[in-house]
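First listed ligand is number 1; within each ligand, the first listed atom is number 1.
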Amino acid sequence: MELNFTIASRICRPHQPHNMDHDADHAPDPASGPGSWSIAPENGSIGRASAAQARDDVDHTEEELELVPPVPHEAMHEAMHEAMDEDPQHSGSDHPATPMNLSGALEKQARQAEANANANDSSSENATNDPAIEELGEKSGLALFNNPPNLSRIRRVLFECSDAIEISLDEYQTYWPFIDNVWVKQRSNSSKEGHCTTDYYMCRLRRPTHRTSETRPLPEGKRPRKKRVREGGMCNFQIKVVRFEGAYSTVTIARTPGSSDVHSHDLDFIDRVKRNSGLMESARKESCKGYLPSSIYTKFQEYPEMLSEAGGRFLTVTDVRNVSAKWRIQNPEVKLIPHDGYEYQKGHGIVRSQGAAERSNETISAQSRVHPQDSAPALPPDILSFPQFSLDFLQPYLPNHADRRGEFPHVTLSYASSMDSKISLRAGMQTVLSGPEAKLMTHYLRSRHDAILIGVGTVLADNPGLNCRLEGAGGFGGLGRMWQPRPVVIDPTGRWPVHPDCRMLRTAVEGKGKAPWVVVSPGAQINPQTLMMLKGYGGDFLRIVEYNQHWRLHWEGVLRALASEGIKSVMIEGGGTVLSELLNPEYTNFIDSIIVTVAPTYLGSGGVSVSPHSKLDQEGNPNAALNPREVKWTPLGQNVIMCGKIRPHEEERRGE
Ligand SMILES: NC(=O)C1=CN([C@@H]2O[C@H](COP(=O)(O)OP(=O)(O)OC[C@H]3O[C@@H](n4cnc5c(N)ncnc54)[C@H](OP(=O)(O)O)[C@@H]3O)[C@@H](O)[C@H]2O)C=CC1
Ligand SMILES: Nc1nc(O)c(N)c(N[C@@H]2O[C@H](COP(=O)(O)O)[C@@H](O)[C@H]2O)n1
C-alpha cells in the first residue's frame, strides 16, 4: 500500500522578516526563498544574479569581492557589557543592567574611541602611543576614513537593489550610512511586539526640492517664497527596508511593487546631489579633533580612491565646513589648526609645509605600497581561497535555471568515495576523502545550489557547517546570508537534538550560513521550545506528509516541498542511506546530475557504502543498477572527479 498525501507544511509560518503578514504592500517577497546566485570561476567573485541574469551569466569584469568581516558574537557581547559598565545609568547596584542594543553599544564604543582620540589630541598634539600604527594609518588613509571593506561594490549593490537583499543587522548598520544619501524615508511601520520595523524609502530624485530664496528680513506675516531647485519625479525607484530584531537579527531590502526596475540615473549623480552620512561622519571625526575644514578637505583629497569608495568624489570644502560648524557651536573656544605638516599659505589655502614635502613623497610612494586591506581586520580562519584552477568541466552538470521544471528543483548528488565505494570508515564517523582541491570544488558546488541536503545520520556523525566558505561568499567577504545555501536535514522522527552549539546554528549566528530546515514526518514529536529556538535562528521544521510503503518519506514529496519553499536547486551530499536510496530506479527521474570525488584508497568492508539495490535484466540475469550518461572524468589533485547525468532524456522517459 502506498500512502500519498500531497502537501508539506511548515509547522507554522516562520518568524522571519520576509514572511511578515502585517506588511500591507507585501507582494510575494523574492527574499523568502533562497535566490539564485553565482560565482565567476575566473575572478572568484560571488554574488546574487539578477532576475534577468542566468546563473552562468556573470560579469567577470566586476572587481573581486573582499572581506566583509563579520562582527564576532563574543566581541559584540563584550562591547555591550563594557558599554553598560561604563554607563552611569547602568552602573551601581541600584540599577540592574538592562541590555543595550547593538547599535547603542557600538555607538557608545565609537563615542568612547572618539573621546580617547580627543584626549590624545589635546595632550600630545595628535600623537598616538604606537607610532607604527599612526604611520600606517596616515599612509593608507585609514586613519581618516571609516570605510568598511569592499565598500564601493556594496554601495552599488545597495543602490541597485536589483534583487531582494538579506543582510545581517551588523552589515546594515555598517553599510547603510554610506548609501543613505540615495534615499528619502516615506513612512515606517512597526509590528506590535516591536521586533520588526518596515521603513519605506523613495529615491531622492523622486521628491521635488525647494530652497527659500529670500535673503532680506521679511515683513511680518509674509512667508518666504520658495524656489524649486529640482523637479520631482525624476526617478521612481522605491524600496522597503524590513528590520527584524530577534535571536536571528536580519534586514531585508527589496523594491516595493510600485517601483521602477532601475534608477533613472547612476550613483555618481546622487553622490553629486547629496553626501552620505558615512562619509560625513569621517569629516565630523576630523572636525572634532579641531582641524580646519580646509585642512580636512585637503587631507581627504590626498586619498582619492578611499574618498571615491566612500561616495565622496563630489565632496566640497563647504560640506566639511558645515559639519565643522556644528561642532564649533559646542566648542567655540577652540582655535582650529591645520593638520600636522600642513600650513595656510595666502592665495593657496592649506598646503603641505616645506619640511613635510619630502616626507610627503615618502608617504605617497608608501601609499601605493600599503593597501588599505593590509591592515583590515583578519579573514575568518575557516575561509577558503577561490579555486585558481578551472572548474569548467562541471558546467554541464550544474543547475541551469533557464530550463527548470517548476515543480521540482535541480538535484545534484555529490559525495566523496573510496575506490570500494565507501564514504566513511564506519557509520557515525567522519572520514576525509577529498584533497584540498576537491574540497574547494565542493564548496564551489555548494555556492551553485540553493540548498544542501543530508540525512540525520550525517548530522549526528559530522556536525557539519554545510555553508560555502569560499572567499566572496556571504560571511566570507560577501554580503549577507542570502548568498549562502540552505542546509536541509532529513530527520523523520526528529532525533537530531538541534542545539545552539551545533555548527549549523553557530554558523548562522556568525552570519556565515543559513540555519537549517529539518524535514520531519507527520508523527514526529517536536518539542515546542526546540521549534521556537530553531525559528529564532532563521531555521524551521518542514513536515512532509507523503511517505512510501516502508513508512519512509517520499522523495518526490520532499523535493516538491523544497521547490514550493523557493529552492530551485539542491545538492545532496549524503550519507550512505540517503544516496543509496536515491540511486534506485524509482528516483532516477528526480536526479539530474551526479558528481563523485573518487579518492585513491580502499576503506574496507566495515565502511559506509553507497550502493543502490541490485537489478536483474528481463531474463533474470544480474545487471548494472544504474549507468550515468554523458560521463566525464577529470583528475583534481589526488582525486578524480566523475561527473554524469542521471535523469533520462525526455524521449527515453516516454519510451521512444
Ligand atoms: N564522504 C562523503 O562525501 C560523505 C560521507 N558521509 C558519511 O556518511 C555517514 C552517514 O551515513 P548514514 O549513517 O547512512 O546516514 P544518512 O546521513 O544517510 O542518514 C540516514 C537517516 O536519514 C533518514 N532518512 C534517510 N532517507 C530517508 C527517507 N527516505 N525517509 C525517511 N528518513 C530517511 C533516516 O533516519 P531515521 O533512522 O531516523 O529514520 C536514516 O536513518 C557518516 O559517517 C558521514 O560521515 C556523509 C555525507 C558525505
Ligand atoms: N566532498 C566531501 N569530501 C569528504 O571527504 C567528506 N568527508 C565530505 N563530507 C561531507 O561534507 C560535510 C562536512 O561539511 P562541512 O565542512 O562541515 O561544511 C559532511 O557532513 C558531509 O556531508 N564531503
Non-hydrogen atoms of R446 versus ligand 2: any pair closer than 4.0 Å?
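R446: in contact with ligand 2 (<4.0 Å).
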
Counting only nitrogen or oxygen atoms and a 3.5 angstrom limit, does [X] reach ligand 1?
X    : answer
A461 : no
R552 : yes
P492 : no
G575 : yes
V578 : yes
D491 : no
G455 : yes
A427 : no

Smallest separation among heavy atoms of [X] and [Y], with atom names:
X    : Y    : value
A508 : Y537 : CB-O, 4.4 Å
T588 : P648 : O-CD, 4.0 Å
P487 : A515 : CD-O, 3.9 Å
K514 : Q484 : NZ-O, 3.2 Å

In ligand 2, which numbered atoms sit nearer than 4.0 Å to a non-hydrogen atom of [X]?
X    : answer
T442 : 1 (N)
E573 : 10 (C), 11 (O), 12 (C), 21 (C), 22 (O)
R503 : 17 (O)
A416 : 2 (C), 3 (N), 4 (C), 5 (O)
L466 : 18 (O)
R469 : 15 (P), 16 (O), 18 (O)
V432 : 5 (O)
T458 : 20 (O), 22 (O)

For [atom], the protein heavy atom that lies nearest, with its residue and separation:
atom                    : answer
atom 9 (N) of ligand 2  : D462 OD2, 4.6 Å
atom 3 (O) of ligand 1  : A416 N, 2.8 Å
atom 13 (O) of ligand 1 : G457 CA, 4.1 Å
atom 35 (O) of ligand 1 : V456 CG1, 3.4 Å
atom 7 (N) of ligand 2  : T431 O, 2.9 Å
atom 37 (O) of ligand 1 : R495 NH2, 3.0 Å
atom 9 (C) of ligand 1  : S424 OG, 4.1 Å
atom 12 (P) of ligand 1 : T577 OG1, 3.7 Å
atom 6 (N) of ligand 1  : I423 CD1, 3.6 Å
atom 3 (N) of ligand 2  : S434 OG, 2.6 Å
atom 29 (N) of ligand 1 : E581 OE2, 2.7 Å

Short side-chain donor-acceptor distance under 3.5 Å, [Y] and [X]:
X    : Y    : value
H195 : R243 : no
E581 : W555 : yes
S418 : D420 : yes
R469 : N467 : yes
S609 : K422 : yes

Do the side chain of [X] and the main chain of [Y] share a donor and acceptor less than 3.5 angstrom apart?
X    : Y    : answer
N639 : L433 : yes
R426 : G606 : no
T458 : G575 : yes
S521 : P492 : yes

At a non-hydrogen distance cut-off of under 4.0 Å, which region of [X] contacts ligand 1 (side chain, backbone, both, or neither)?
X    : answer
E573 : backbone
T458 : both
M429 : backbone

Thinking salt bridges, do [X] and [Y] make one under a 4.0 Å N-O criterion?
X    : Y    : result
R486 : E565 : no
R503 : D462 : no
D592 : R647 : yes

Considering only heavy atoms, does L433 approach ligand 2 within less than 4.0 Å through its side chain, its backbone, both, or neither?
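Answer for L433: both.
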
Report the part of T597 (side chain from C-beta onward, or backbone N, CA, C, O) that has a heavy atom under 4.0 Å from ligand 2; answer both or neither where that applies.
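Looking at T597 and ligand 2, no heavy atom falls under 4.0 Å.
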
For ligand 1, is [X] a contact, meaning one of its heavy atoms is under 4.0 Å away?
X    : value
Y547 : no
D462 : yes
R426 : yes

Could you label the plane-to-plane angle of the H449 and H410 rings as parallel, tilted or perpendicular, counting under 30° as parallel and over 60° as perpendicular?
tilted

So, regarding G465 and ligand 2 (criterion: nitrogen or oxygen to nitrogen or oxygen, under 3.5 Å), is there a contact or not?
yes

So is there a nitrogen or oxygen of N463 less than 3.5 Å from a nitrogen or oxygen in ligand 2?
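No: no nitrogen or oxygen of N463 is under 3.5 Å from one in ligand 2.
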
Gap separating the CD1 atom of I544 from the CZ atom of R560, nearest 0.5 angstrom
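One gets 10.0 Å once the value is rounded to the nearest 0.5 Å.
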
When rounded to the nearest 0.5 angstrom, what is the spacing between CD in Q430 and OG in S424?
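Output value for this atom pair is 9.0 Å.
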
Interfacing atoms of ligand 1 (cut-off 4.0 Å, heavy-atom, G574)
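Close to G574: 17 (O), 47 (C).
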
Does a sphere of radius 6.0 Å around CZ in R629 hold more than 12 heavy atoms from other residues, nucleotides or ligands, not counting ones at 6.0 Å or beyond?
yes

